[in-house]
Amino acid sequence: MATHTIRVEPIGAEIQCREDQTVLDACLREGIWLPHACTHGTCGTCKAQILDGDVDLGDASPYALLDSEREEGAALICVAQPRGDVVVEGEVDVDEGVGVHPVRDFTGRVEVLDEIAPDVRRLVLALDRPMEFNPGQYVLLEVPGGHQRPYSIASTPADGKVIELHLKRSENGKATDGWVFSTLAVGDEVALSGPYGRFSFRPLRTQPILLLGSGTGLAPLKSMVQHIAENGGGHQVTLYHGVATKDDLYDREFFEDLAQQHDWFTYRPALSREEWQGRSGRVPALLAEDYPKAGGHVAYICGSPAMVEDTMKALMKARLFPRDIYREDFFDSADRAAGANVVRSPLIRR
Ligand SMILES: Cc1cc2nc3c(=O)[nH]c(=O)nc-3n(C[C@H](O)[C@H](O)[C@H](O)COP(=O)(O)OP(=O)(O)OC[C@H]3O[C@@H](n4cnc5c(N)ncnc54)[C@H](O)[C@@H]3O)c2cc1C
Ligand code: FES
């Protein structure tokens with residue numbers, strides 16, 4: 001397989017990239033961190049200018065990389081592969097206090113595969129070696145049939161040899177319906193790589209934290225809460241977890257116990273389709289009730305793209321600036337086919 005040299009400007013670093021490898025993958029494996037979120041050509045976060053040389057643009061969504069941008073030499077480097085030596089201009093911006101952990105390949109043995117809510121499974125993998133990552137980041141699972149799917153890590157880097165994932169079943173989904181919810185079993189071996197993503201806890205931001213998740217969007221937020229607890233608190237944290245019904249509310253006891261033990265942590269579960277003794281309503285609506293003014297906080301949102309977008313709007317209406325909001329959209333194949341165009345403002349962190 002031919003290999004080409006990629007020069008990354010403005011830092012001038014030079015790395016090697018195989019023809020069957022994406023530019024982003026080659027960079028991340030060499031510890032050169034460039035912005036990315038979905039790693040599947042859907043979100044546009046990794047858009048970069050190719051200053052010189054040829055790339056195959058790969059499976060870039062036409063909604064995330066417009067024809068006019070293609071003509072001007074832009075590429076989505078998470079799917080673009082080199083066809084010769086290439087010079088790429090990237091935004092090499094790593095926030096202070098956030099670690100840069102090169103992407104590596106791992107083998108994981110399935111230790112736990114439990115149904116924790118209707119159509120939601122907890123998958124715990126014992127890795128062949130520890131993975132270093134920031135709370136909030138994700139892994140790519142190799143799915144039988146040659147597909148890859150991203151899943152957020154719900155456990156903390158403290159024990160990087162065991163990682164926990166939360167997976168929601170998608171009807172006819174290749175990874176979930178067709179594998180994790182059908183044939184995968186305890187003891188099986190799984191190939192994966194990581195860590196990926198820019199949705200990670202910013203330890204140096206000392207403002208009170210709002211963690212806002214729906215469904216399995218809880219996963220990276222659980223990693224953050226546990227990480228803060230392991231490091232002795234030090235941040236005021238309020239976690240909203242929105243689900244449809246009481247049965248969908250997984251890990252409730254875990255968070256209730258944590259809230260009882262620590263003054264710095266508040267847990268606010270919410271049901272959107274059921275009345276109960278707790279709060280009912282969608283997270284964006286509850287936020288609007290609880291925080292008519294949200295300025296002075298830092299927020300991390302995670303879940304379906306629709307939930308993330310609505311929550312983002314609620315926060316901005318409450319005067320929280322985009323620079324204080326981090327988001328992870330769980331895009332899937334249906335979002336991509338529907339043309340989830342997601343590149344809105346360079347100020348919005350994802
Ligand atoms: C950064 C990131 C992190 C994520 N983390 C998590 C997580 O922690 N937990 C979690 O549960 N999910 C997470 N996701 C979503 C996850 O990666 C998968 O997208 C999801 O599990 C579905 O995968 P699948 O292979 O089962 O379904 P897919 O095969 O991708 O299909 C998904 C749905 O789309 C439909 N579909 C497929 N192709 C088309 C088409 N062409 N047109 C219309 N519909 C179509 C399928 O029938 C199915 O219902 C994350 C996503 C991202 C981007
Ligand atoms: S990270 Fe490349 S398009 Fe999303």
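Numbering of ligands and ligand atoms starts at 1, following listing order.
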Chemist: Is any side-chain heavy atom of Phe201 closer than 4.5 Å to a side-chain heavy atom of Tyr300?
Modeler: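 Yes. Closest side-chain heavy atoms under 4.5 Å.
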Chemist: With a 4.0 Å cut-off on N to O distance, would you call Asp25 and Arg29 a salt bridge?
Modeler: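 A salt bridge links Asp25 with Arg29.
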Chemist: Run the side-chain hydrogen bond (donor to acceptor under 3.5 Å, both in side chains) test on Tyr138 and Thr39 for me, step by step, so that the C-alpha distance in whole Å, both residues' side-chain angles and the decisive distance to 0.1 Å come before the verdict.
Modeler: CA-CA 11 Å; Tyr138 69 86; Thr39 48; 2.9 Å; yes
Chemist: Would you say Glu164 and Lys222 make side-chain contact, with heavy atoms under 4.5 Å?
Modeler: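 Yes, their side chains come closer than 4.5 Å.
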Chemist: Within the 3.5 Å criterion, strictly below it, is a donor on His166 or Tyr250 matched to an acceptor on the partner's side chain?
Modeler: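 A donor-acceptor contact under 3.5 Å links the two side chains.
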Chemist: List for me each residue that meets salt bridge (charged side-chain N to carboxylate O under 4.0 Å, His left out) alongside Asp248, sequence neighbours excluded, and say none if there are none.
Modeler: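 Salt bridge (charged side-chain N to carboxylate O under 4.0 Å, His left out) list for Asp248, sorted by chain: empty.
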Chemist: Checking Arg129 against Phe106: charged group under 6.0 Å from the ring centre and within 45 degrees of the axis?
Modeler: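 Geometry flag: set, cation within 6.0 Å and 45°.
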Chemist: Please indicate how many protein N/O/S atoms are found closer than 2.8 Å to atom 4 (Fe) of ligand 2, with waters neither displayed nor included.
Modeler: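 The number of such protein atoms is 2.
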Chemist: Apply side-chain hydrogen bond (donor to acceptor under 3.5 Å, both in side chains) to residues Glu328 and Ser152 and explain how you reach the verdict.
Modeler: CA-CA 9 Å; Glu328 186 82 289; Ser152 300; 4.6 Å; no
Chemist: So if I only count non-hydrogen atoms and take anything under 4.0 Å from ligand 1, which residues does that give, chain by chain?
Modeler: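 Near ligand 1, by chain and number: Ala37, Tyr138, Arg149, Pro150, Tyr151, Ser152, His166, Leu167, Lys168, Ser170, Glu171, Asn172, Gly173, Lys174, Ala175, Thr176, Thr216, Glu328, Asp329, Phe330, Phe331, Asp332, Ser333, Ala334, Ala337.
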Chemist: Can you list everything that forms a ring-ring contact (aromatic ring centres under 6.0 Å, His included) with Phe265? Sequence neighbours excluded, please.
Modeler: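 For Phe265 there are no ring-ring contact (aromatic ring centres under 6.0 Å, His included) partners, ignoring immediate neighbours.
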